[in-house]
Number of protein chains: 2
Amino acid sequence: MIKLLLAEDQGMMRGALALLLGLEEDMEVVAQVGNGDEILPTALSERPDVALLDIELPGRSGLDAAADLRAQLPECRVLILTTFGRPGYLRRAMEAGASGFLVKDGPVEDLAAAIRRALAGERVIDPALAAAALSAGPNPLTQRERDVLAAAVDGATVADIAAKVHLSPATVRNYLSAAIGKTQTRNRMEAVREARQKGWL
Amino acid sequence: MIKLLLAEDQGMMRGALALLLGLEEDMEVVAQVGNGDEILPTALSERPDVALLDIELPGRSGLDAAADLRAQLPECRVLILTTFGRPGYLRRAMEAGASGFLVKDGPVEDLAAAIRRALAGERVIDPALAAAALSAGPNPLTQRERDVLAAAVDGATVADIAAKVHLSPATVRNYLSAAIGKTQTRNRMEAVREARQKGWL
DNA sequence: AACGTGTTCTGACAAATGTCATCGACACTT
DNA sequence: AAGTGTCGATGACATTTGTCAGAACACGTT
């Protein structure tokens, strides 16, 4: 019996997947969580064979949780299941030691198959996505540039960002300028969009 | 036997829901579409009793499709199923003649129950959401203000917007200023976020 | 010790953005 | 015919944003 942990914030999606996977003869959903912070503790007590993690969760991100699991429960395989097939997400998932990366666009039938393949030691990755990840190249942004850019989402002003990151407004503008240059965009919002899209966050 | 039409762009969600609802004794999924433009033609040929529509779809929006269905297939009940419980969405869904409005956060068990209640002529709406919709008030933005604001998403410059909407750049700035005032925000991005959140689009 | 890289800051400048008063054109009321 | 309202546009203005050069400091490499 394959023991599964499911981390997904949308209740309906989580419930539907749990029911669905529970119908498989050789699978059993031993735990469901809707919050990233609960993943590690729950996994440590339930000892699943495979953890199916969404990336964008309240609390700890699925990618961070994946790294936690690799470190503290190495016999548990990690599969990332996400809405967004962003190249940078795939890259980070692989770096975090995930066994596979699935997008929610695909057919449900793939899911159980992917779980079995992951358990057999295979890597499960959409080939088109793998190509995109390679062509996107590594993240050119420094830590600070990422911080500032992340604080710039939904129209925060320079002063807002400066306060949030504890920097001088002038410095914030410099970092924004650098980020805009590196993303080849024309203003901060385009830079945010581009960095998000590439998974550089 | 209750005949269902399912419109949802995420393949995995669509497949999971179809399987799930197919398990119900009295239900049958007669059609699945992943594109808003296919909803009306498919409904006209398959004649479902209830249509379960996502709002954010490629092609025609679920809300527009709901209005189409009310006009051309009035005996078909429409249930909106969406990720975002935005007050404005609910308002527009009701205006389009939907029988119910569900958010994907809720438990799956509610779904089949909601379908049966809709078919019985009841309105199915999350009470908390209904309250939020009433408190949000009607859309204060004029058509042009909406156009301009919609064109301002993801960091378009004034010139970009002017070209897209066929207005003078100076006029665009005036509309943006008005929209910023009405949304009580400080810049165009905040205005976009706020208007989106309230469903004013 | 010299070099490169990243961080933090300043000052100066040009360009874009947000605000406001005002104007003409047009469609409605009354 | 005069009044009212909306729409699109203009010009002027202050503020914000984006760019650039430079300076000081910490950290690793070589």
Side-chain angles (χ1 to χ4, degrees), chain A residues 63-64 67 88 91-92 95 136-201, chain B residues 88 92 95 137-198 200-201:
Chain A
L63 291 172
D64 295 336
R91 174 181 299 269
R92 282 162 60 197
E95 285 165 6
N139 190 338
L141 301 175
T142 70
Q143 182 60 47
R144 268 285 177 267
E145 285 161 359
R146 279 197 298 271
D147 293 345
V148 170
L149 213 49
V153 291
D154 40 58
T157 156
V158 172
D160 295 344
I161 304 172
K164 215 184 298 185
V165 195
H166 306 296
L167 283 176
S168 149
T171 308
V172 168
R173 291 203 283 158
N174 284 338
Y175 282 125
L176 284 175
S177 187
I180 290 167
K182 287 182 182 177
T183 50
Q184 315 227 49
T185 51
R186 288 172 307 167
N187 57 49
R188 90 184 55 175
M189 283 323 294
E190 285 190 10
V192 167
R193 202 166 46 67
E194 182 71 8
R196 273 256 198 86
Q197 202 277 318
K198 292 249 171 90
W200 297 340
L201 221 144
Chain B
R92 282 163 58 197
E95 283 165 6
N139 189 339
L141 301 175
T142 69
Q143 183 59 47
R144 270 282 178 265
E145 286 161 358
R146 279 197 298 271
D147 293 346
V148 169
L149 213 50
V153 291
D154 39 58
T157 154
V158 172
D160 295 345
I161 304 172
K164 216 183 298 186
V165 196
H166 306 298
L167 282 177
S168 149
T171 308
V172 167
R173 291 204 284 159
N174 284 338
Y175 282 122
L176 284 174
S177 186
I180 291 167
K182 288 183 181 176
T183 51
Q184 317 228 50
T185 50
R186 287 170 309 165
N187 56 49
R188 89 184 57 177
M189 283 323 294
E190 284 190 11
V192 167
R193 202 166 47 66
E194 181 71 7
R196 273 255 198 86
Q197 202 277 318
K198 293 250 172 89
W200 296 340
L201 220 141

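Scope of the values below: all heavy atoms of this structure, side chains included, with no hydrogens, waters or symmetry mates. Order of the sequence lines fixes the chain letters, A, B, ..., with proteins taken first and strands second; residue numbering starts at 1 for each chain.
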Whole angstroms only, please: what is the CD1-P distance between B/Ile161 and C/dT17?
8 Å
Using a 4.0 Å heavy-atom cut-off, does A/Thr171 contact any base of the nucleic acid, only the sugar-phosphate backbone, or nothing at all?
base
From C/dT7, C/dT10, C/dG18, pick the nucleotide closest to the side chain of A/Ala170?
C/dT10
Nearest-angstrom distance from the residue atom CD1 of A/Ile180 to C1' of D/dT16
13 Å
How many Å lie between CG on A/Leu167 and P on C/dT10, as a whole number?
11 Å
Could you check how far CG of B/Leu141 sits from P of D/dT6, rounded to whole Å?
15 Å
For the side chain of A/Tyr175, starting at C-beta, report the closest nucleotide among D/dG18, C/dT8, D/dG8.
C/dT8
So, B/Asn187 side chain and A/Thr157 main chain: donor-acceptor pair closer than 3.5 Å or not?
no
Whether A/Arg188 side chain and A/Ala156 backbone form a donor-acceptor pair below 3.5 Å
yes
Round to the nearest Å and state the distance from A/Leu176 atom CG to C/dA16 atom C1'.
15 Å
Under a 4.0 Å heavy-atom cutoff, the residues of residues 183-192 of chain B touching DNA chain C are B/Asn187, B/Arg188
note: A/Glu145, atom CD; D/dT19, atom P; distance rounded to Å ~ 13 Å
Could you tell me how far apart B/Asp160 (CG) and C/dA16 (C1') are, to the nearest whole angstrom?
12 Å
Under 3.5 Å: donor-acceptor pair, side chain of B/Arg146, backbone of B/Ala195
no
Which nucleotide in the list C/dT17, C/dT10, D/dT19 gets nearest to the side chain of A/Ser168?
C/dT10
Distance (rounded to the nearest 0.5 Å) between A/Asn139 CG and A/Arg91 CZ
8.5 Å
Do B/Trp200 and B/Thr183 come close enough that some side-chain heavy atom pair is under 4.5 Å?
yes
Among D/dT19, C/dT7, D/dT17, the nucleotide that comes nearest once only the side chain of A/Val158 is considered
D/dT17
Salt-bridged, A/Asp160 to B/Arg186, with N to O below 4.0 Å?
yes
With sugar-phosphate meaning primed atoms plus P, OP1 and OP2, does A/Arg173 contact a base, only sugar-phosphate, or nothing at under 4.0 Å between heavy atoms?
base
Measure distances between side-chain N and O atoms of A/Asn174 and base N and O atoms of C/dT7, and say whether any donor-acceptor pair falls under 3.5 Å.
no
Does atom CD (A/Gln143) have a neighbourhood of more than 12 heavy atoms from anything else shown, all under 6.0 Å?
yes
